[in-house]
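Here is the structure we will look at.
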Amino acid sequence: MSNYPFKEIEKKWQAYWEENQTFATTEDLSFPKEMRKYVLDMFPYPSGAGLHVGHPEGYTATDIYCRFLRMNGFNVLHPMGFDSFGLPAENYAIKTGTQPRETTEKNIENFRKQIKSLGFSYDWNREVSTHTPEYYKWTQWIFIQLYNQGLAYESQKPINWCPSCKTGLANEEVKDGRCERCGTVTVRKNIRQWVFKITEYADKLLEGLDDLDWPESVKTMQRNWIGRSEGAAVFFPLVDGDEKLEVYTTRCDTLFGTTYMVIAPEHPLVEKLTKPAQKVAVDEYLKKTAEKSDLERTDLAKDKSGVFSGSYAINPVNGKKIEIWIADYVLISYGTGAIMAVPAHDTRDWEFAKKFNLPIIEVLKSDIDVQESAWTEDGTHVNSGFLDDLNKEEAISKMLAWLEEKSVGHKAINYKLRDWIFSRQRYWGEPIPLVHCKHCGTVAIPEDQLPLTLPEVESFEPSGTGESPLAKIDSWVNTTCPVCGGPAKRETNTMPQWAGSCWYYLRYLDPLNTKEFVGKDKEEYWMPVDLYVGGAEHAVLHLLYARFWHKVLFDLGVVNTPEPFKRLINQGMITSFAYQRADKTLVPADEVQDNGEGIYVEIGTDNQLEKVIAKMSKSLKNVINPDEIIEEYGADSMRIYEMFMGPLQVSKPWATSGLSGVYRFIDRIWRLGEEREISEEAPSDDMLKKLHKTIKKVTMDTDTLNFNTAISQMMVLVNDIYKTDNLPREIWENLILLMAPYTPHICEELWQKAGHEDSLFRAPFPKFDEKLTIDDEIELVMQVNGKLRAKVTVARDISKEDMIELTLSNDKIQPWIKDKTIIKKIAVPGKLVNIVVK
RNA sequence: GCCGGUGUGGUGAAAUUGGUAGACACGAUAGACUCAAAAUCUAUUAGGAGCAAUCCUGUAUCGGUUCAAGUCCGAUCACCGGUACCA
């Protein structure tokens, strides 16, 4: 391509910024609170594959915003680091025997180099990596705070087990019933786990969402995930014995329609409720469901399964004896693991009742026959004793009063949110800092003995028993109790990857502090995060877990804001084009011929292909490597292209041809500087107006992160400069400053060439004069019946009357209105006139 | 199934509170420069009719509100993402 020497320029200025510490940030108290901004990127996991084009998208966006803020006088904190514990490094270690630390640190080095090659204005002095003992000392310290608050407990709950990885997986790591990493179908297995009581914070996490400047869709997803519902706990007495079976229901008003009960196969009362006559059938059913993977449970969902326990309960509202069944459509993890079935008005109960011939009683009036299908809408109560003729709300409150009066139930609140299984049976994670002592029980390691470091091991293979590889190292496991000094064993579970990312935004504030996880003054100086940018895939889990930890830390008084992230933006995914055959299969990009005009043909056949958008994947050969792009077009082009593609928040397909367009744009600016002499004369009024309009649009669009339209406006200005034959300093320097946040390297170079010694990031962002953004003349649009018929240039402040007068007498308008009756004349000042005729 | 999102030229996309649809860019076509190519520059580029001035149609589809709809309302279709029996 052309000759703009981006390689030398980019190298030169990246070195300059590093040498001069241009972007190092301090807690300068002369900046008032509102002039401090904390702008945060979601830090990457340093994978062996290196940076992909999706990473620079969010990073470029925040970088532009930060550079813009600094030029506008803000003190900006903009750090970067690495989420460096994680399974890929461990799996690689199992395969090759390479220490995960070695692999990880090599990858980090590569990532850092790649990120730096884009010229981002991070304060690298604050870099953190979650796998370093200096960092995870404090991850362990926070764990102990949660433990001391009673928010961590051990549990034998069934968990997802991957037979291939030989490790337990949390629910979020199982996709479609398969291990997210290796694809093996998972099974259930009981294992001892550390669990966090995130449910205790359900209400706080829910309420906290209200005041956040987050996308409404993310807030909705979090609300749904927490899944708060109000209902009732109802106690059903058993026919045999004194025990009661507790259920949770949101529709206690349908209690008269309850014709049977169901408990989950994992329910603690299963054994007790199973009668000898049913024992064989129940055991067989339990065995079958235990062997089922989550995938199979889901697949079989269409066809309900279950078994009668042999026991009966009494419906407290009418004294009727009803059967108790065991079925896996009832989940042990929600409510009490037991339900009252109302088949007439619940599709799941109806299907089950039909299959096993259980009675169906209508209690909500409708036009349909509940023997034929379930009625799940509202209706007036029937067959319901004291609730008859009432509507839903009235019936619920009357039933609640009745339940409480008779002491057979009460109001209850339930959440879909489950407690968070926090332990992993893996090597490459933070060791959980606990010791098991025969005398003292479970004991936290004292703070002065942290960090509890991860020992070097020979083998990274899972133990196969479900324990982590740490369990095999006797010298590490056997220790002394910090309380009594007697022999004790270390906890061998490690923490999940979420742990490090739950609080890294706090460590950036004070990364070298050896006394505290973050100094109070620094935390108060910067928090909360003003803008957090990252992928939408973290909408629920990472953001919910981080909020949970933050709220615990807030309740402990060690941070001063109840929420960590004030404003959140999800960047869209960068996709790629792919080519699809008629049968919807995809063809790799290198086997496609472009015949122009949107026609694509598969090479070697005559198959015409459809151009579609797909995720980048190795097999489709449509993965873009940022290193190659930077090598060929330069970092400035890469940056500005990713912003020019479209709005930050939407996903958009990569097209290298589009990149060459923005390259040309930068090249055109470079050539302006090369080919023209900077003139000290004042610019023409026309150019001055064009400049101020551009400053206004770029300022507003950059502030609101609408980078694509800001860039197009700068292109317009450059095109306008090309139409003239001089280069007034006022125009030129303002253009350089406007562009600086977007393409910082070339702008520094041009700024220096224009005669400045200091970095242009010490210069203020251009200001616009509102007067110069307004034209004296406007183009008046003349419409007849809403259709454009003429355009005339008129003075901006023309009166409505004159506008109409001008329109009616216009030559082009005349033919459309003569011989017609004018019904209405509408004039919008400064815009248009519409004449309505009949 | 349910929840959320998106449908605008050959392509990526623009379009304050409803007020000129298609800014900007890619691609394409033609021309200039060149021995030639690349690069660069200039012009055209939603579709259709016409020599032209102009006119007609057009923002997934159908309908509605309005002087005026890409934008608001209702229904439908397509695609993308999330989710999996939450009582």
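Here is the naming used below: chain letters follow the sequence lines, and residue numbers restart at 1 for every chain. Because the structure is predicted, anything quoted here is derived from the model rather than measured.
- Across the interface with RNA chain B, nearest-nucleotide mapping of A:Gly658 and A:Asn224 shows A:Asn224 to be the residue nearer the 5′ end.
- B:A25 and B:A14 have their C1' atoms separated by 11 Å, given to the nearest Å.
- B:G70 sits 12 Å from B:A60 when the C1' atoms are compared, rounded to a whole Å.
- Closest to the A:Arg789 side chain, of the nucleotides B:A68, B:C56, B:A87, is B:C56.
- Base-pair partner of B:G31: B:C41 (Watson-Crick or G-U wobble, both distances under 3.5 Å).
- Distance from the side chain of A:Val781 is smallest to B:U20 among B:A15, B:A13, B:U20.
- Looking at A:Tyr633 and A:Thr656, their side chains never bring a donor and an acceptor atom within 3.5 Å of each other.
- The distance between atom CE of A:Met221 and atom P of B:C3, rounded to the nearest whole Å, is 15 Å.
- Between A:Lys824 and B:C67 there is a side-chain polar atom (N or O) within less than 4.0 angstrom of OP1 or OP2.
- Using modelled atom types, one finds no donor on one side chain facing an acceptor on the other under 3.5 Å when comparing A:Asp328 with A:Thr289.
- Side-chain contact check for A:Gln713 versus A:Leu738: every heavy-atom pair is 4.5 Å or farther apart.
- Comparing atom distances between the A:Asn719 side chain and each of B:G19, B:A25, B:C55 picks out B:A25 as nearest.
- To the nearest angstrom, P of B:A25 lies 12 Å from CD1 of A:Ile669.
- Between B:U57 and A:Lys787, a contact under 4.0 Å exists linking OP1 or OP2 to a side-chain N or O.
- The CG atom of A:Leu648 sits 16 Å away from the C1' atom of B:G12 (whole-angstrom rounding).
- Between the P atom of B:G4 and the CG atom of A:Asn570 lies a distance of 17 Å, rounded to the nearest Å.
- Taking atom P in both B:U83 and B:G47, one finds a spacing of 42 Å when rounded to whole Å.
- Using a distance-only test at 3.5 Å, with no hydrogens or angles considered, a donor-acceptor pair links the side chain of A:Lys219 to the main chain of A:Leu209.
- Taking only side-chain atoms of A:Phe644, from C-beta outward, the nucleotide of B:C55, B:G12, B:G19 with the closest atom is B:G12.
- Checked against a 6.0 Å centroid threshold, the rings of A:Phe352 and A:Tyr260 count as neighbours.
- Side-chain atoms of A:Val836 lie closest to B:C67 of the nucleotides B:A14, B:C67, B:G12.
- Listed pair A:Asn708 / B:A25 fails the phosphate criterion, with no side-chain N or O lying under 4.0 Å from OP1 or OP2.
- Summarising the geometry, the separation between CD1 on A:Ile826 and P on B:A69 is reported as 11 Å, rounded to the nearest angstrom.
- A:Thr250 has no side-chain polar atom (N or O) that falls below the 4.0 Å cut-off from OP1 or OP2 of B:C86.
- The A:Ser712 side chain lies nearest to B:A23 when the options are B:C55, B:A25, B:A23.
- Applying the 4.0 Å criterion to OP1 and OP2 of B:A39, one finds that A:Arg671 has every side-chain N and O outside that range.
- Annotated as syn: B:G9, whose glycosidic dihedral is within 90° of 0.
- Using atom C1' as the reference point in both B:G12 and B:A46, the two lie 16 Å apart (nearest Å).
- For the C1' atom pair drawn from B:A78 and B:U59, the interatomic distance equals 16 Å after rounding to whole Å.
- Counting to the nearest Å, the P atom of B:C80 and the NZ atom of A:Lys652 are 19 Å from each other.
- Counting non-hydrogen atoms under 4.0 angstrom, A:Asn785 reaches nothing in the nucleic acid.
- Here A:Asp346 lies out of heavy-atom contact (under 4.0 Å) with every strand.
- B:U71 and B:U20: their P atoms are spaced 13 Å apart (whole Å).
- Distances shown here put every side-chain N or O of A:Arg251 at or beyond 4.0 Å from the OP1 or OP2 atom of B:C86.
- Side-chain atoms of A:Tyr641 come within 3.5 Å of backbone atoms of A:Ala655 as a donor-acceptor pair (strictly under, hydrogens ignored).
- A gap of 30 Å separates the C1' atoms of B:U8 and B:A53, to the nearest Å.
- Taking 3.5 Å as the limit, the base of B:C85 and the side chain of A:Lys304 contain a donor-acceptor pair of atoms between them.
- For A:Arg664 and B:C26, the shortest distance from a side-chain N or O to OP1 or OP2 is below 4.0 Å.
- Using a 4.0 Å heavy-atom cutoff across all strands shown, A:Ser229 reaches sugar-phosphate atoms only and no base atom.
- Between B:A14, B:U54, B:G19, one nucleotide has an atom nearer to the side chain of A:Pro647 than all others, and that is B:A14.
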(message) Quick one, A:Arg796 with A:Asp775, criterion salt bridge (charged side-chain N to carboxylate O under 4.0 Å, His left out). Give me CA distance, side-chain angles, the key distance, then yes/no.
(response) CA-CA 7 Å; A:Arg796 159 165 283 281; A:Asp775 288 316; over 6 Å; no
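- Within the 4.0 angstrom heavy-atom criterion, only backbone atoms of the sugar-phosphate kind lie near A:Trp816; the bases stay farther away.
- Heavy-atom distances to RNA chain B give each of A:Gly646 and A:Leu788 a nearest nucleotide, and the one nearer the 5′ end belongs to A:Gly646.
- Judged by distance alone, the side chains of A:Thr199 and A:Asp419 do bring a donor and an acceptor atom under 3.5 Å apart.
- Here the side chain of A:Arg668 is nearest to one of B:A14, B:C24, B:C41, namely B:C41.
- Regarding contacts with the backbone of B:A87, a side-chain N or O of A:Tyr334 is found under 4.0 angstrom from either OP1 or OP2.
- B:A69 sits 14 Å from B:G63 when the C1' atoms are compared, rounded to a whole Å.
- If you check every strand for non-hydrogen atoms under 4.0 Å, A:Glu779 touches a base.
- Which of B:A15, B:G27, B:A25 sits closest to the side chain of A:Thr709 comes down to B:A15.
- In the set B:C26, B:C24, B:U20, the nucleotide with an atom closest to the side chain of A:Gln783 is B:U20.
- Residue-level contact check: A:Val716 touches the backbone only, with heavy atoms under 4.0 Å from sugar-phosphate atoms and none from bases.
- Side-chain atoms of A:Ile339 and A:Tyr329, non-hydrogen and from C-beta on, do get closer than 4.5 Å to each other.
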